Amino acid sequence: MKLVDFMPNDVKKKLQHNTFSPGEIILYAETENDYVHFLIDGMAEAYIPNSQGGFSTVHIYKPGSFFGEAEQFYSGRKPVEISAMTPCIVDKLHRNDFFDWMKKDFEVTKLIIKEIVHKLILNSEYIEEISQLTVKERFLRCIATHYQLNNIKSLTKEEVAKETKSPVRSINRAIAACTKEGILCYKNRQIHILDKEKLQTYLR
């Protein structure tokens, strides 16, 4: 069950409703956050931006997910930023109301701790896995994600280079290799998928 399903009506009345467009920032890095966010609809991406304009994705949130809970227990550096990958509906609950809810429901407290630990394990595994991928593999994973989100037509080489933390010349080599294998091709400044099934094997 989703955490929000355990929320009593008196707590639900305190939720603040928000909507976000694709690409819009939901939670900025390095800013104070007094709210726990509940993703009601859509997909959101947690990533760590760098000074060169690139970023490393650390988590993908789907409906029923929640985020911002770890910050309520930690006052140090907050490097993770979260943005909408699709149109999103997000409800947020102030930390005081969140803690009051936890005090009254130990089962909810256990679920929250379980989710925090789950994210830590997943992110550690993901970072280790990404560090071992070739540019071509990172490129195909990036393309597969955008294809799933149905925004492949607007994706540029420069954006792919930023997301994969690779130079454009390396992306060009990856495209050439994938074209030779019949997975995709690049024509008229757009990426065209040739083998959907093979591409989807690169999804996380």
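The shown structure was predicted, so the numbers you read here are calculated from the model rather than taken from an experiment.
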Between the CG atom in Leu3 and the CG atom in Leu93, the distance rounded to the nearest 0.5 Å is 9.5 Å

Within the structure provided, determine whether Ile60 and Met85 are in side-chain contact (heavy-atom separation under 4.5 Å).
yes

Item to complete: Would you check if Ser83 and Phe20 make a side-chain contact, meaning some heavy-atom pair closer than 4.5 Å?
Response: no

d(Leu111 CG, Met102 CE) to nearest 0.5 Å is 10.0 Å

message: Does any part of the side chain of Leu27, heavy atoms only, come nearer than 4.5 Å to the side chain of Asn33, both counted from C-beta?
response: yes

Checking Asn9, Val11, Asp5 against Met7 for side-chain contact (heavy atoms from CB on, under 4.5 Å), the one that qualifies is Val11

Let me have the donor-acceptor pairs involving side chains of residues 34-44, under 3.5 Å, with sequence neighbours excluded, atom names and distances please.
unit_1, atom_1, unit_2, atom_2, d
Asp34, OD1, Arg95, NH1, 3.0
Tyr35, OH, Gln16, NE2, 3.3
His37, ND1, Tyr35, O, 3.4

Exercise for the section: Without swapping roles, check the side chain of Ser21 against the backbone of Glu24 for a donor-acceptor pair under 3.5 Å. Expected result: no

Contacts of Tyr186 meeting ring-ring contact (aromatic ring centres under 6.0 Å, His included) (sequence neighbours excluded), chain-then-number -> none

SG (Cys178) and CZ (Phe139) are apart, to the nearest 0.5 Å, by 5.0 Å

For Lys119 and Phe66 the tightest heavy-atom approach is NZ-O, 2.8 Å

message = More than 12 heavy atoms of other residues, nucleotides or ligands under 6.0 Å from CD of Glu30: yes or no?
response = yes

To the nearest 0.5 Å, atom SG of Cys88 lies from atom CD of Glu45 at 11.0 Å

Note, Leu155 side chain near Ile152 side chain (heavy atom, < 4.5 Å)
yes

Item to complete: With the side chain counted from C-beta on, respond yes when Ile26 and Phe67 share a heavy-atom pair under 4.5 Å apart, and no when they do not.
Response: yes

Residues at least two apart in sequence or cross-chain that pass salt bridge (charged side-chain N to carboxylate O under 4.0 Å, His left out) with Lys92, listed by chain then number, are none

Distance col, row Gln200:CD vs Asp195:CG, nearest 0.5 angstrom, shows 9.5 Å

Correct closest heavy-atom pair for Phe98 and Glu69 would be CZ-CB, 4.2 Å

**Message:** According to a hydrophobic-cluster definition based on side-chain heavy atoms being under 4.5 Å apart (Ile, Leu, Val, Met, Phe, Trp, Tyr only), do Val168 and Leu140 belong together?
**Reply:** no

In this structure, CD of Glu159 is separated from NE2 of His146 (nearest 0.5 Å) by 7.0 Å

| said: If hydrophobic clusters are built from ILVMFWY residues whose side chains come within less than 4.5 Å, do Ile171 and Leu194 share one? | reply: no

Q) For Phe73, does the CZ atom sit with more than 12 other heavy atoms under 6.0 Å from it, leaving out its own atoms? A) yes

